Every structure is written in structure tokens, then in C-alpha cells.
Engineer: 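Below is one structure. I have some questions about it.
For clarity, every value in this text was computed on a predicted model and none was experimentally measured.
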Amino acid sequence: MNKLCNLHNLIAYHHKCVLSSVLATSLDVVPPTWVSVSVSLFFFPLSAADIISTVEFNHTGKLLATGDKGGRVVIFQQEIENKNQPQFRSEYNVYSTFQSHEPEFDYLKSLEIEEKINKIRWLPQKNAAQFLLSTNDKTIKLWKISERDKRPEGYNLKEEDGCYKDPNTITSLRVPVLIPMDLMVEASPRRVFANAHTYHINSISVNSDNETYLSADDLRINLWHLEITDRSFNIVDIKPANMEELTEVITAAEFHPHQCNTFVYSSSKGTIRLCDMRASALCDKHSKLFEEPEDPSNRSFFSEIISSISDVKFSHNGRYMMTRDYLSVKIWDLNMENRPVETYQVHEYLRSKLCSLYENDCIFDKFECCWNGNDSVVMTGSYNNFFRMFDRGQRRDVTLEASRENSKPMQVLKPRKVCAGGKRKKDEISVDSLDFNKKILHTAWHPQDNIIAVATTNNLYIFQDKVN
């Protein structure tokens, strides 16, 4: 047991490449500068199991969970702010780490099931414990994260070492007491939701009623109750009778943040369907279809691939939704289906490189996106460990880099620019010099503060805004 705990601690510190940095302006403005303030870096030889596959803040932002390809979940806890050092308020330390999923084998289909954590979703806190859902390709688990700082002592029927006493030797009764002990964080599985998906699960989303959640795979979406594990309700099924007629797959799905009857799902064809569960039990007929007509001038062999939506997120106020395809981020008004109200180019300079990106399979990378706390700024990742932020109000954007070279305390993170062609300026990087093996697929934004988490392979970077 001690060896297992030591291994988990090592893994946790392996993930704890935590770079806290500083953002220079208020919540609704994209920052011109970032500054490192606190760094705890532990770089170990990288293995495939250590690659971070999902990042998620809880509803208060005090906890941050990461999942990796090895099936592990590492939870970081925000340190209590020191009034003498407010610049260190975004420092997160390891709180708990546990093995969520193990590799399995489906003997009926002769199929290996990876332990990789595809998604983590926190449930709103209702008592002292925290609950989260984690999923791999086939199985979803509900975990309880609880603290224990007292232990019982003074049993009547057993010794302190756990051995039971001879009943004939018991001559009196005593009341057991709780005595203080070192804080212990326990992660225990409370529910296992399995055997409901034929294809790989790509999304889970908790409903605003806090009683149900959905899980989506390539062709179906299921609705679960958090208390019932042996059955789910199929609410979307796009599988054709003849699989040769299959033209699109489901890529992401999410519940509306306030309307428990509404959810959306995106497809590999670049469309988003909004469904209302009040209309029918099986939501094969959507209520709204969001699709932007393709620009004929940009039509190419790769058009269908790069139009595939990799992530969809509702805004916190529920009025908008954001989608991420390969080259851009789009903001949609739920009241307007024919085109997005905003479009932001993430790395348009890669359009001329699509052929080589297709050959090395990078064109199939699935980038996530996220909103800031008041929906005024959106963020998503790119290659070369770059990540992009777009200010919706001022129409400004910035490109920043998360790397160990920027890890010195109080070091300014300079905005980066990519030169697509022509004469390259001094501070620009050539598009031919980009490292496509370094990519930021997973990002998360603190729900209340300007604190963001960015995952690059096995490293987790955390940035915060500037404190004057």
C-alpha cells in the first residue's frame, strides 16, 4: 500500500509542472503581458501513459482535476491566498491522486479497452465531499472525494490493531471517541455506469437538474440518472440501418447550463443540432440546426476534415455556444441558426500546410475551447505549445506560449507571432519552424477568476492575472 501511495505521489508530481503566471488586465480584456510568479516544475522522462488527456476546474475553481492516458486522475487544490503575497493566489498543489480506470478486454469483440480518461466533469458540491464523473472509452464512474482528519479509538469488540477480542474477556462497555489524525483525502467509486456504449465515449455532460447526465459516443447519446447504473435512455441514435450509408459521426455533446430539457451535439460535418427532450423521447429530429454555408473559394480536398467540430461549449449565461473546428473558433447565437455571430481564426497560417498535416495525422487533432467567467473572452490551443485568447468585446487577440523556458519567477511571457510568408521580423517565428508534436489540446478557465490551466503532453501550466 505504501509503495502504491509513493507511486501515486510520484505521478502527481510528474503532472505538477505547475507554472503560475500573471495576466495584466481586468477580467474582460485580453492581457498584453503575462508574468511568471511561482513555479514548481518536475520533468520526468515522458511515457505515453503520462500524457494529460483532460483538464477540468470544479464549480468554485478551488479544485482542478486532470486525467491522463494511464487512467489516473490527479486533483490539485488551490492554496489559501496569503494577504502578504496575493500574487501567489493561483498556486495549486496536489490534493489527491487515484487510479480511475484500468485497461480491459472485451472478449466478445476481441477488443482492447484503453484506460485513458477521455473526460472529467465535476458535480455541484452539496456537502463536505466532492463528486466527479470520469470516463474512458466505455465505462463512466462516479467518484466521491472526501477528507478525513479524525479516527475512532476505543472499540469494545476489537483491539486497536483490528483483531477481535474474546467476548468472554469483555467486562465493561466504553464509548469510542474520535481523535485527530493527519488529513487523509480518500477517493472512492460510488457508481459504475457500464455496458451502454458500443462506440467510444467522447463526451459527458451533467444536467442543470443535478440528477441526470448525458454520455455521447460516435453514433448515440444516452441519458443517465446519477442514482441508476443498470439502465440508461437512448435519446439520440444516428446509426443507419446500413453502415455503408454512414456519412457523419457525433463529435461532442453538452447540456444547456440552465434549461434541463435542452442539449446540443456537434458532428463531423460541421453542423450543430439543438434538441429539446420535451418534444419526444427520442431526439432524432432536432429543434434547431446550426450550419454555416461553405465558402466556395476555400473548397479543397481537406474541407470536410477541417470542418469537423472537435468541441462545443455553452456560454455561462446560456445565450451563446462556442464551437471549435480545426482552424477556427465560432460563436453562435442560439436564436440565429444560419451563421455564427463571431468567427476567430486560430491558426489560419496552417491552411497552406494541410497536406503535410494530413500525412502526419495532425489534421485529426481535437482541440478544446473554453469561456472565461463572464463569457467575454474565449481560449483555445494550437501547435508549438501556443494558446490563443480572443476578446469578444474589443476584438483583440493574443498568442502565448506555455514552455519550460518561460518558467523563471516574474519572467514576462511575451506575445508570440507566426510569420506565414515573406520577410520574417525579429520576434516572429516561421510557420515552417512550428513543432507539431508540441500541441495544446486541453484548456480550462477558472469559473470566477482570471486563472487558466493549459495542458501540454505531461505538463500542466497554470496562469493568473496580474495583481497590482
Engineer: Using a strict cut-off of less than 4.0 Å between a Lys/Arg side-chain nitrogen and an Asp/Glu carboxylate oxygen, indicate whether K269 and E304 qualify as a salt bridge.
Structural biologist: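 The answer is no: the pair does not qualify as a salt bridge.
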Engineer: Give a yes or no on whether a salt bridge exists between D237 and R220, defined as a side-chain N under 4.0 angstrom from a carboxylate O.
Structural biologist: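 Yes.
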Engineer: Would you kindly say whether E79 and N93 are connected by a side-chain donor-acceptor distance under 3.5 Å?
Structural biologist: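 Note: E79 and N93 side chains meet the donor-acceptor criterion.
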Engineer: Parallel, tilted or perpendicular: which fits the ring planes of Y320 and W371, with parallel below 30° and perpendicular above 60°?
Structural biologist: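 Tilted: the ring planes of Y320 and W371 meet at 30° to 60°.
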Engineer: Begin from the C-alpha positions of E186 and K144 and carry the test salt bridge (charged side-chain N to carboxylate O under 4.0 Å, His left out) through to its verdict.
Structural biologist: CA-CA 8 Å; E186 298 177 320; K144 178 183 179 181; over 6 Å; no
Engineer: Indicate whether the side chain of Y95 and that of E147 have a donor and an acceptor atom separated by less than 3.5 Å.
Structural biologist: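 On atom types as modelled, these side chains qualify, holding a pair under 3.5 Å.
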Engineer: Scan side-chain atoms only and decide if T343 and S328 contain a donor-acceptor pair under the 3.5 Å cut-off.
Structural biologist: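 Note: T343 and S328 side chains miss the donor-acceptor criterion.
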Engineer: P340 versus I331: any side-chain heavy-atom pair under 4.5 Å?
Structural biologist: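 When only atoms from C-beta onward are counted, I331 and P340 do not touch, as no gap falls below 4.5 Å.
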Engineer: Go through the steps for F57 and F76 under the test ring pair (Phe, Tyr, Trp, His ring centres under 6.0 Å), then give the verdict.
Structural biologist: CA-CA 9 Å; F57 281 104; F76 298 89; over 10 Å; no
Engineer: Strictly distance-based, threshold 3.5 Å: is any side-chain N or O of K366 a donor or acceptor partner for the main-chain N or O of L441?
Structural biologist: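 Side chain of K366 to backbone of L441, a donor-acceptor pair under 3.5 Å: no, none is there.
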Engineer: Is a side-chain donor or acceptor of S53 paired with a backbone partner of I117 at a separation under 3.5 angstrom?
Structural biologist: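 Yes; at least one donor-acceptor contact below 3.5 Å.
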Engineer: Has D361 got a side-chain atom pairing as donor or acceptor with F364's backbone, closer than 3.5 angstrom?
Structural biologist: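 Pair absent, no side-chain N/O of D361 close to backbone of F364.
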Engineer: What are the two closest non-hydrogen atoms of A253 and S205, and how far apart are they?
Structural biologist: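 Smallest heavy-atom distance, with atoms named: O-CB, 4.2 Å.
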Engineer: Do L123 and L226 have side chains that approach each other closer than 4.5 Å (heavy atoms only, starting at C-beta)?
Structural biologist: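 Result yes, sub-4.5 Å side-chain heavy-atom pair found.
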Engineer: Is it true that a side-chain atom of H200 and a backbone atom of K138 form a donor plus acceptor pair closer than 3.5 Å?
Structural biologist: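 No, H200 side chain to K138 backbone: no donor-acceptor pair under 3.5 Å.
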Engineer: Does the pair E428/K417 count as a salt bridge with the N-to-O cut at 4.0 Å?
Structural biologist: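 Salt bridge: no.
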Engineer: Kindly say whether the aromatic ring centers of Y326 and H347 come within a distance under 6.0 Å.
Structural biologist: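 Judged by ring-centre distance (under 6.0 Å), Y326 and H347 do meet the cut-off.
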Engineer: Check whether the side chains of H316 and D375 place a donor and an acceptor atom closer than 3.5 Å, and report yes or no.
Structural biologist: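 Yes, because at least one side-chain N or O of H316 sits under 3.5 Å from a partner of the opposite role on D375.
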Engineer: Does CZ belonging to F105 count more than 12 external heavy atoms closer than 6.0 Å?
Structural biologist: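 Yes, the 6.0 Å shell around CZ holds more than 12 heavy atoms from other groups.
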Engineer: Roughly how far, to the nearest 0.5 Å, is CZ of R392 from CG of N372?
Structural biologist: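 These two atoms lie 9.0 Å from each other.
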Engineer: Ignoring hydrogens and angles, state whether a donor on the side chain of H197 or S215 is under 3.5 Å from an acceptor on the partner side chain.
Structural biologist: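 A pair is found: one side chain offers a donor N or O, the other an acceptor, under 3.5 Å apart.
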Engineer: For M321, does its backbone N or O pair with a side-chain atom of S315 as donor and acceptor, under 3.5 Å?
Structural biologist: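 No, S315 side chain to M321 backbone: no donor-acceptor pair under 3.5 Å.
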Engineer: With a 4.5 Å limit on heavy-atom distance, are the side chains of I250 and I221 in contact?
Structural biologist: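 Yes, their side chains come closer than 4.5 Å.
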Engineer: One thing to verify: whether E292 and K330 come together as a salt bridge, which I'm taking to mean a side-chain N less than 4.0 angstrom from a carboxylate O.
Structural biologist: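 Salt bridge between K330 and E292, a charged N being under 4.0 Å from a carboxylate O: yes.
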Engineer: What's the spacing between L132 CG and S100 OG if we round to 0.5 Å?
Structural biologist: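 L132 CG to S100 OG: 7.5 Å, rounded to 0.5 Å.
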Engineer: Between S433 (side chain) and I429 (backbone), is there a donor-acceptor pair under 3.5 Å?
Structural biologist: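 Such a contact is absent between S433 side chain and I429 backbone.
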Engineer: Scan side-chain atoms only and decide if D435 and N384 contain a donor-acceptor pair under the 3.5 Å cut-off.
Structural biologist: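 No pair is found: no donor N or O on one side chain lies under 3.5 Å from an acceptor on the other.
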Engineer: Compute whether any side-chain donor of one residue and acceptor of the other, for E248 and S267, lie under 3.5 angstrom apart.
Structural biologist: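 Checked: E248/S267 side chains pair up, N/O donor to acceptor below 3.5 Å.
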Engineer: Give the C-alpha distance, both sets of side-chain angles, the deciding distance and a yes or no for side-chain contact (heavy atoms from CB on, under 4.5 Å) between L434 and Y349.
Structural biologist: CA-CA 11 Å; L434 297 177; Y349 46 79; 3.6 Å; yes
Engineer: When you compare the side chains of S297 and R299, does any donor N or O come within less than 3.5 Å of an acceptor on the partner?
Structural biologist: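 No donor-acceptor contact under 3.5 Å links the two side chains.
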Engineer: Honestly, is R121 close enough over F131, meaning NZ or CZ under 6.0 Å from the six-membered ring centre and within 45° of the axis?
Structural biologist: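 Ring-cation test returns no.
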Engineer: Strictly by modelled atom types, are T380 and R324 linked by a side-chain donor-acceptor pair under 3.5 Å?
Structural biologist: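 The answer is yes; a qualifying pair exists.
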Engineer: Would you confirm whether the ring centroid of F302 sits within less than 6.0 angstrom of the ring centroid of Y358?
Structural biologist: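 Here the rings of F302 and Y358 have centres that are less than 6.0 Å from each other.
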Engineer: Under 3.5 Å, is there a donor-acceptor pair between the W143 and S134 side chains?
Structural biologist: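 There is such a pair (donor and acceptor under 3.5 Å, judged by atom type) between the side chains of W143 and S134.
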Engineer: Measure the CZ-CG distance between F255 and N207 for me, rounded to the nearest 0.5 Å.
Structural biologist: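 Interatomic distance, F255 CZ to N207 CG, rounded to 0.5 Å: 4.0 Å.
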Engineer: Would you say the side chain of S232 lies within less than 4.5 Å of the side chain of L223, judging by non-hydrogen atoms?
Structural biologist: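 No, too far: nothing below the 4.5 Å cut-off.
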Engineer: With rounding to the nearest 0.5 Å, note down the distance linking NE2 in H101 to OG1 in T135.
Structural biologist: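 Here the interatomic distance stands at 5.5 Å.
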Engineer: Could you check if a side-chain atom of M389 sits within less than 4.5 angstrom of a side-chain atom of W445, using non-hydrogen atoms only?
Structural biologist: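 Heavy-atom side-chain distance check passes, below 4.5 Å.
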Engineer: So how far is it from I238 CD1 to Y265 OH, rounded to the nearest 0.5 Å?
Structural biologist: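 The distance works out to 6.0 Å.
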Engineer: Charged N to carboxylate O under 4.0 angstrom, D50 versus K69?
Structural biologist: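 Salt bridge absent between D50 and K69.
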Engineer: Hey, is the main chain of F314 close enough, under 3.5 Å, to the side chain of E254 for a donor-acceptor pair?
Structural biologist: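 Yes, the answer is positive, given that a donor and an acceptor are paired below the 3.5 Å cut-off.
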Engineer: Does atom CG (N195) have a neighbourhood of more than 12 heavy atoms from anything else shown, all under 6.0 Å?
Structural biologist: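 Not buried by this count: 12 neighbours or fewer within 6.0 Å.
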Engineer: Just by distance, do the side chain of N234 and the backbone of V236 share a donor-acceptor pair under 3.5 Å?
Structural biologist: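 A pair under 3.5 Å: yes.
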Engineer: Between T399 and R388, do the side chains contain a donor N or O and an acceptor N or O under 3.5 Å apart?
Structural biologist: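 The criterion, which ignores hydrogens and geometry beyond distance, is satisfied for T399 and R388.
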Engineer: What about Y461 and F387, are their ring centers closer than 6.0 Å?
Structural biologist: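 No; F387 has its ring centre 6.0 Å or more from that of Y461.
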Engineer: For a quick check under 3.5 Å, do E368 and S310 share a side-chain donor-acceptor pair by atom type?
Structural biologist: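 No, because no side-chain N or O of E368 sits under 3.5 Å from a partner of the opposite role on S310.
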Engineer: Would the distance check show the side chain of S308 and the main-chain N or O of I305 forming a donor-acceptor pair, the cut-off being under 3.5 Å?
Structural biologist: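 Side chain of S308 to backbone of I305, a donor-acceptor pair under 3.5 Å: no, none is there.
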Engineer: Is the number of heavy atoms from other residues, nucleotides or ligands within 6.0 Å of NZ (K62) greater than 12?
Structural biologist: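 Not buried by this count: 12 neighbours or fewer within 6.0 Å.
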Engineer: Are side-chain N/O atoms of H442 and T54 paired as donor and acceptor at under 3.5 Å?
Structural biologist: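 Not at all, the side chains of H442 and T54 share no donor-acceptor pair under 3.5 Å.
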Engineer: Is the count of non-hydrogen atoms from other residues, nucleotides or ligands lying under 6.0 Å from E112 atom CD greater than 12?
Structural biologist: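 Result for CD/E112: open.
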Engineer: Taking Q259 for its side chain and N261 for its backbone only, find out whether a donor-acceptor pair lies under 3.5 Å.
Structural biologist: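 Such a contact is absent between Q259 side chain and N261 backbone.
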Engineer: Hey, could you give me the CZ/NE2 distance between F193 and H225, rounded to the nearest 0.5 Å?
Structural biologist: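 If we round to the nearest 0.5 Å, F193:CZ and H225:NE2 are 9.5 Å apart.
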Engineer: Quiz question: by atom type and distance under 3.5 Å, do the side chains of S110 and D106 form a donor-acceptor pair?
Structural biologist: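 There is no such pair between these side chains.
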Engineer: Are any of the side-chain heavy atoms of I140 and I204 separated by less than 4.5 Å?
Structural biologist: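 Answer yes - side chains close enough.
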Engineer: Are side-chain heavy atoms of L357 and L350 found at a separation under 4.5 Å?
Structural biologist: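 A side-chain contact under 4.5 Å exists here.
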Engineer: Check K353 with D432, please: is the shortest side-chain N to carboxylate O separation under 4.0 Å?
Structural biologist: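 Yes.
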Engineer: If you define the side chain from C-beta out and look only at heavy atoms, does anything of N222 sit under 4.5 Å from I235?
Structural biologist: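 When only atoms from C-beta onward are counted, I235 and N222 do not touch, as no gap falls below 4.5 Å.
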Engineer: Can we say D137 and K116 salt-bridge, meaning some charged N sits less than 4.0 Å from an Asp/Glu carboxylate O?
Structural biologist: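 Here D137 does not pair with K116 in a salt bridge, since their nearest N and O are not under 4.0 Å apart.
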Engineer: Do you know the tightest heavy-atom contact between P124 and H59?
Structural biologist: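 For P124 and H59, the tightest heavy-atom pair comes out as N-CE1, 3.6 Å.
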